[in-house]
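Data first, discussion second: the structure below is written as structure tokens.
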Amino acid sequence: MIILGIETSCDETGLSLYNTKKKSFINKLYSQCKLHNKYGGIIPEIASKYHAKKIFPLLIDILKQNKLKLHNINLIAYTIGPGLPNSLLMGVTLSKIISFLYNIPTIAINHIEAHIMSIMLNKVFPKFPFISLITSGANTILCIIYNYNKFKIIGECLDDSAGEIFDKIAILIKLKLPGGHEISKLAKYGKINLNFPKPLNYKNNFNFSFSGLKTHIFNYIKSNKLTFQTKANIAYSLEETITDILIKKIINASNKYKINNISIVGGVSRNKKLRHKINYYKKYNKNIFFPKINLCTDNATMIAYTGYLNYKNKYNKNFNNIKKSLLIDIKPKLKLTNK
């Protein structure tokens with residue numbers, strides 16, 4: 001099968017072709033970070049405008065590169081949510097147009113589930129069951145993954161997510177987006193750990209709360225002159241604090257449920273300090289897995305691959321009948337739920 005993946009949940013325009021026979025993929029991505037930096041955050045109207053502008057050239061490019069035509073595609077997987085409404089509409093609309101014109105079935109994919117399954121695109125991936133930490137966009141979720149379509153949420157974010165905190169603090173100290181990447185670069189120059197608070201830092205509580213941390217840093221910024229060194233110390237301390245919180249939750253969950261296979265996915269999983277610090281636990285028989293760097297942030301390959309898994313394992317409830325393929329269905333507030 002040749003599966004077309006379409007991802008437009010936020011400000012990344014992503015298209016991918018996944019070849020199930022060769023188990024290979026090609027990923028195309030247009031990032032709008034530079035566009036939104038001057039506004040200090042993502043502007044939904046601009047995001048949807050540039051999705052509309054870039055998605056067709058990306059489609060033409062990816063087909064040409066693979067010497068394919070639209071009629072060669074066997075399945076279209078698209079992000080149905082969560083995400084920005086108008087951004088989601090761009091990807092869903094494209095999928096339905098192609099579906100209608102070429103009689104190709106479509107499948108709606110939960111963006112968060114796709115992040116979980118991105119780990120399976122590695123050459124070496126965790127065996128079931130495994131603990132999965134999803135740190136993507138507005139989500140920080142801890143799950144037990146029993147198989148491709150069965151998982152249990154054991155912890156989730158009660159307010160701001162880890163990724164949101166990186167972005168919001170980056171904006172406060174006059175850095176660019178994406179915040180996590182810029183915080184990491186600046187953190188290298190930090191000299192002092194400011195010992196920021198670690199909310200919900202309890203052994204048997206796997207939920208996350210970062211809003212108090214954000215408020216604490218905001219008050220610290222107001223009370224101190226924002227020199228380069230002060231900003232570097234804040235970045236260093238923030239990175240240390242968030243990675244400590246995430247790792248403690250993961251390891252405590254692994255110990256409680258006696259599951260040694262651990263995956264960390266989503267944008268924050270790119271963080272080098274997080275990767276370095278959690279690898280310490282390999283000596284305690286913890287098997288640690290991260291996606292490929294280019295599959296940590298939003299991408300269409302994880303959408304295409306998750307569509308394939310649904311097809312292969314006959315999880316057909318998300319399929320759209322061709323006769324109904326023009327229905328534009330989006331779920332901007334879609335949640336990850338227990339299965």
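Basis for what follows: all heavy atoms, side chains included, without hydrogens, waters or symmetry-related copies.
Residue Lys214 holds its NZ atom at 8.0 Å from CD of Glu164, rounded to the nearest 0.5 Å. Atoms CD1 and CD1, from Ile303 and Ile109 in turn, are 6.5 Å apart once rounded to the nearest 0.5 Å. One distance of note links CD1 of Ile134 with CG of Asn139; it measures 8.0 Å at 0.5 Å rounding. Annotation: the span from Ile259 atom CD1 to Ile144 atom CD1 amounts to 4.5 Å, rounded to 0.5 Å. With rounding to the nearest 0.5 angstrom, the OG1 atom of Thr79 is 11.0 Å from the CD1 atom of Ile112. Within the model, atoms CG of Asp159 and CZ of Phe208 stand 11.5 Å from one another, a figure rounded to the nearest 0.5 Å.
In this structure, the side-chain hydrogen bond (donor to acceptor under 3.5 Å, both in side chains) partners of Tyr284, at least two apart in sequence or on a different chain, are Tyr280. Checked against side-chain hydrogen bond (donor to acceptor under 3.5 Å, both in side chains), Thr20 has no partners two or more places apart in sequence or in another chain. Judged as a side-chain hydrogen bond (donor to acceptor under 3.5 Å, both in side chains), and not counting sequence neighbours, Asn19 has no contacts. Among residues two or more places apart in sequence or in another chain, the salt bridge (charged side-chain N to carboxylate O under 4.0 Å, His left out) test is passed with Glu156 by none. Listed by chain and number, the residues in a side-chain hydrogen bond (donor to acceptor under 3.5 Å, both in side chains) with Asn255 are Lys286 (sequence neighbours excluded). For Asn338, the side-chain contact (heavy atoms from CB on, under 4.5 Å) partners two or more places apart in sequence, or in a different chain, are Lys152, Ile153.
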Next item on the list: Show the numbers, then the answer: is there a side-chain contact (heavy atoms from CB on, under 4.5 Å) between Leu70 and Leu101?
Entry: CA-CA 9 Å; Leu70 284 172; Leu101 291 175; over 6 Å; no
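Sorted by first and then second residue, the ring pair (Phe, Tyr, Trp, His ring centres under 6.0 Å) pairs with a member in residues 110-139 read His111-His115, Phe128-Phe130, Phe128-Tyr148; sequence neighbours excluded. For residues 1-46, the set of pairs meeting the ring pair (Phe, Tyr, Trp, His ring centres under 6.0 Å) definition, not counting sequence neighbours, comprises Tyr18-Tyr305, Tyr18-Tyr308. Note on residues 190-212: pairs passing salt bridge (Lys or Arg N to Asp or Glu O under 4.0 Å), not counting sequence neighbours, are Lys198-Asp244. Applying the salt bridge (Lys or Arg N to Asp or Glu O under 4.0 Å) test to every pair with at least one member in residues 22-35, sequence neighbours left out, gives these pairs: Lys28-Asp61. Every pair passing ring pair (Phe, Tyr, Trp, His ring centres under 6.0 Å) that includes a residue from residues 180-200 is listed here, sequence neighbours excluded: Tyr189-Phe228, Phe196-His216.
Scanning all heavy atoms of the two residues, the minimum distance from Asp298 to Ser136 falls at OD1-OG, 4.0 Å. The shortest non-hydrogen separation linking Val265 to Ser118 is CG1-OG, 3.9 Å. Contact between Ile62 and Leu15 at its shortest, heavy atoms only, is CD1-O, 3.6 Å. The two residues Gly180 and Asp167 have their closest heavy-atom pair at N-OD1, 4.1 Å.
Ser263 places no side-chain N or O within 3.5 Å of a backbone atom of Phe289 that could act as its donor or acceptor partner. With Thr140 contributing its side chain and Ala162 its backbone, the two residues share a donor-acceptor pair below 3.5 Å. With Asn310 contributing its side chain and Thr306 its backbone, the two residues share a donor-acceptor pair below 3.5 Å. In this structure, the side chain of Ser269 engages the main chain of Gly266 through a donor-acceptor pair within 3.5 Å. The main-chain N or O of Ser87 is found under 3.5 Å from a side-chain atom of Thr8 such that the two form a donor-acceptor pair. No side-chain donor-acceptor contact under 3.5 Å links Lys69 to the backbone of Leu63.
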Name every donor-acceptor pair, under 3.5 Å, that has one atom in a side chain of residues 42-60 and the other anywhere in the protein, sequence neighbours excluded.
| from | atom 1 | to | atom 2 | distance (Å) |
| --- | --- | --- | --- | --- |
| Ser48 | OG | Pro44 | O | 3.3 |
| Ser48 | OG | Glu45 | O | 3.1 |
| His51 | ND1 | Thr13 | OG1 | 2.6 |
| His51 | NE2 | Cys10 | O | 2.7 |

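Heavy-atom neighbours of Lys277 NZ from other residues, nucleotides or ligands within 6.0 Å: above the threshold of 12. More than 12 heavy atoms of other residues, nucleotides or ligands sit less than 6.0 Å from atom OH of Tyr257.
Hydrophobic clustering keeps Leu177 apart from Ile293 (ILVMFWY residues linked when any side-chain heavy atoms are closer than 4.5 Å, directly or through intermediates).
No side-chain donor-acceptor contact under 3.5 Å links Tyr202 and Asn207. If you check the side chains of Thr243 and Lys273, you find no donor sitting under 3.5 Å from an acceptor. Between the side chains of Asn287 and Asn261, at least one donor N or O sits under 3.5 Å from an acceptor N or O. Counted by atom type alone, Asn299 and Ser16 present zero donor-acceptor pairs between their side chains at under 3.5 Å.
The closest side-chain heavy-atom distance from Lys231 to Ile221 is not below 4.5 Å. Taking the side chain as every heavy atom from C-beta outward, Ile119 and Ile145 never approach each other to under 4.5 Å. Side chains of Ile131 and Pro126 form no contact here, defined as non-hydrogen atoms less than 4.5 Å apart. Annotation: side chain of Lys292 is in contact with side chain of Asn122 (closest heavy-atom distance under 4.5 Å).
A side chain to side chain contact (heavy atoms under 4.5 Å, CB included) with Leu194 is found for one member of Asn224, Thr230, Asn233 and no other, namely Asn233.
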